[in-house]
Enquirer: 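Starting off with a structure, shown below.
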Number of protein chains: 2
Amino acid sequence: MRAPLDPDMFDPLCPSELMPMRIGDKWAGMVIRCLEHGPRRFSELRVPIRGVTAKALTKSLRGLERDGLVSRTAHTGRVEYDLTPLGRSLLHPLAVMCAWAQDHWEELIDAREAQTAAATA
Amino acid sequence: MRAPLDPDMFDPLCPSELMPMRIGDKWAGMVIRCLEHGPRRFSELRVPIRGVTAKALTKSLRGLERDGLVSRTAHTGRVEYDLTPLGRSLLHPLAVMCAWAQDHWEELIDAREAQTAAATA
DNA sequence: CAGTATCCAGGAAGATACTG
DNA sequence: CAGTATCTTCCTGGATACTG
């Protein structure tokens with residue numbers, strides 16, 4: 001819960017850009033994973049979700065709020081984001097997606113390379 | 001296999017626009033479902049996938065091809081698209097996503113309405 | 001039939017600067 | 001700290017017309 005988020009939890013070595021499945025917008029899946037073990041503050045989220053601007057993260061969070069997946073609570077002097085029960089119910093589909101990615105990542109990469117090779121030839 | 005695709009299989013009553021999960025781009029999930037029971041031709045796909053322009057469908061198909069999820073075969077005088085084994089392996093995650101949507105659709109709609117009401121007030 | 005070509009409008013997202 | 005405001009660029013995607 002209170003452990004800080006690992007700055008490398010979305011290391012570029014796991015290039016989610018290539019993922020053919022997605023939850024919400026570009027950042028929403030990462031936000032959900034960050035909230036998996038308890039509430040987090042805005043600037044906490046910015047650490048592992050590298051390269052996200054305040055604007056983009058705000059928009060993603062607003063979208064998740066609008067869909068009832070994430071709650072925003074303003075305490076005195078700080079703001080916390082947390083998963084709602086509905087958001088938490090997404091963890092299972094998300095896990096299935098991640099499992100698929102692990103199982104088929106090689107094939108995915110190979111297919112892309114074959115395609116690139118064919119295009120170059 | 002040979003049965004024509006139901007033109008209403010993606011009826012607006014199932015507004016996939018609201019779906020917070022997605023496979024590939026805007027149309028890819030629908031393409032995959034269309035190919036579930038066997039190969040289809042370009043213009044067959046355009047029937048249930050309403051409102052897709054040739055350009056958008058082409059782009060979606062090219063993306064799926066590039067990722068090795070769909071194969072394109074030019075027979076004499078016709079072109080057929082089919083799922084590859086890799087593409088077929090996506091059917092399970094896709095089913096999980098659809099099951100989630102069925103289970104939580106009400107909550108999702110309610111959350112949106114509550115949000116809209118709050119914004120209006 | 002199965003696309004390609006061209007034009008255009010709207011949204012996504014980065015950079016940067018600023019605020020209660 | 002938790003954003004908002006502005007500007008700009010990129011990209012998506014729709015409309016339309018055309019082609020082998």
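On a predicted model such as this, the values are computed, not experimentally measured, just so you know. To find a chain, count down the sequence lines: A is the first, B the second, and so on, and within it residues start at 1.
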Enquirer: C/dC1 P sits how many Å from B/Leu45 CG, rounded?
Expert: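 Taking atom P of C/dC1 as the reference, CG of B/Leu45 is at 13 Å.
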
Enquirer: Please determine if a side-chain N or O atom of A/Ser43 lies less than 4.0 Å away from the OP1 or OP2 oxygen of D/dA2.
Expert: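 Yes, such a contact exists.
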
Enquirer: Counting side-chain heavy atoms from C-beta on, which of D/dA2, D/dG13, C/dG3 comes nearest to B/Lys59?
Expert: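 Side chain of B/Lys59 sits closest to D/dG13.
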
Enquirer: Backbone N or O of B/Leu69 within a donor-acceptor pair of the B/Thr84 side chain at under 3.5 Å?
Expert: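 Present.
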
Enquirer: Taking only side-chain N and O atoms of A/Tyr81, does any of them lie within less than 4.0 angstrom of OP1 or OP2 on D/dC1?
Expert: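 No, A/Tyr81 has no side-chain N/O under 4.0 Å of OP1/OP2 on D/dC1.
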
Enquirer: Quick one: B/Leu57 CG to C/dA2 P, roughly how many Å, whole number?
Expert: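 To the nearest whole Å, that distance equals 11 Å.
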
Enquirer: If I take atom CG in residue B/Leu61 and atom C1' in nucleotide C/dT4, what distance separates them, rounded to the nearest angstrom?
Expert: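 Rounded to the whole Å, the gap is 15 Å.
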
Enquirer: Taking CZ from A/Arg40 and P from D/dC1, how many angstroms apart are they, rounded to a whole number?
Expert: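 Taking CZ of A/Arg40 and P of D/dC1, I get 15 Å after rounding.
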
Enquirer: Regarding B/Arg46, tell me which of base, sugar-phosphate or nothing describes its non-hydrogen contacts under 4.0 Å with the strands shown.
Expert: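 Counting heavy atoms under 4.0 Å across all strands, no contact is made by B/Arg46.
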
Enquirer: What is the distance, rounded to the nearest whole Å, between atom CE of A/Met30 and atom P of C/dA13?
Expert: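 Computing the A/Met30:CE to C/dA13:P distance gives 11 Å.
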
Enquirer: Under a plain distance cut-off of 3.5 Å, with no hydrogens placed, do A/Ser71 and A/Asp82 share a side-chain donor-acceptor pair?
Expert: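 No, because no side-chain N or O of A/Asp82 sits under 3.5 Å from a partner of the opposite role on A/Ser71.
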
Enquirer: Are any of the side-chain heavy atoms of B/Val52 and B/Leu45 separated by less than 4.5 Å?
Expert: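 Not touching, per the 4.5 Å side-chain cut-off.
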
Enquirer: Under a cut-off of 3.5 Å for both distances of each Watson-Crick or G-U pair, what dot-bracket string does DNA chain D give, using [ ] for crossing pairs and | for inter-strand pairs?
Expert: ||||||||||||||||||||

Enquirer: Taking side chain to side chain contact (heavy atoms under 4.5 Å, CB included) as the definition, give me every residue that meets it alongside B/Arg78, ordered by chain and number, with sequence neighbours left out.
Expert: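 Per chain and number, B/Arg78 pairs via side chain to side chain contact (heavy atoms under 4.5 Å, CB included) with B/Arg41, B/His75, B/Glu80.
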
Enquirer: Can you measure B/Arg78 atom CZ to C/dA2 atom C1' for me and round it to whole angstrom units?
Expert: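 Between C1' of C/dA2 and CZ of B/Arg78: 14 Å.
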
Enquirer: Rounded to the nearest angstrom, tell me the gap between atom CD in A/Glu80 and atom C1' in D/dG3.
Expert: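 Distance, rounded to whole Å: 16 Å.
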
Enquirer: OP1 or OP2 of D/dA2 less than 4.0 angstrom from a side-chain nitrogen or oxygen of A/Arg72, does that happen here?
Expert: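 The answer is no; no side-chain N or O of A/Arg72 sits under 4.0 Å from OP1 or OP2.
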
Enquirer: For A/Arg62 and C/dA13, what is the distance between atoms CZ and P respectively, to the nearest whole Å?
Expert: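 For the pair A/Arg62 CZ and C/dA13 P, the rounded distance is 16 Å.
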
Enquirer: Please name all residues satisfying side-chain hydrogen bond (donor to acceptor under 3.5 Å, both in side chains) with A/Arg112, sequence neighbours left out, ordered by chain then number.
Expert: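 With neighbours one apart ignored, the set is B/Asp67.
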
Enquirer: Restricting both atoms to N or O, compile the protein contacts to nucleotides 14-20 of chain C shorter than 3.5 Å, with distance only.
Expert:
unit_1, atom_1, unit_2, atom_2, d
C/dG14, OP1, A/Lys26, NZ, 3.3
C/dG14, O6, A/Lys55, NZ, 2.4

Enquirer: Quick one: side chain to side chain contact (heavy atoms under 4.5 Å, CB included) partners of B/Lys55, sequence neighbours excluded?
Expert: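 B/Thr53.
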
Enquirer: What side-chain donor-acceptor pairs closer than 3.5 Å can you find for residues 86-93 of chain A, not counting sequence neighbours?
Expert:
unit_1, atom_1, unit_2, atom_2, d
A/Arg88, NH1, A/Glu36, O, 3.2
A/Arg88, NH2, A/Glu36, O, 3.4
A/Ser89, OG, A/Leu86, O, 2.5
A/Ser89, OG, B/Trp100, NE1, 2.9

Enquirer: Quick one: does B/Arg62's side chain get under 4.5 Å of B/Arg72's, heavy atoms only?
Expert: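 Yes, their side chains come closer than 4.5 Å.
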
Enquirer: For B/Phe42 and B/Leu61: C-alpha separation, side-chain torsions, deciding distance, then whether side chain to side chain contact (heavy atoms under 4.5 Å, CB included) applies.
Expert: CA-CA 9 Å; B/Phe42 191 82; B/Leu61 286 166; 3.8 Å; yes

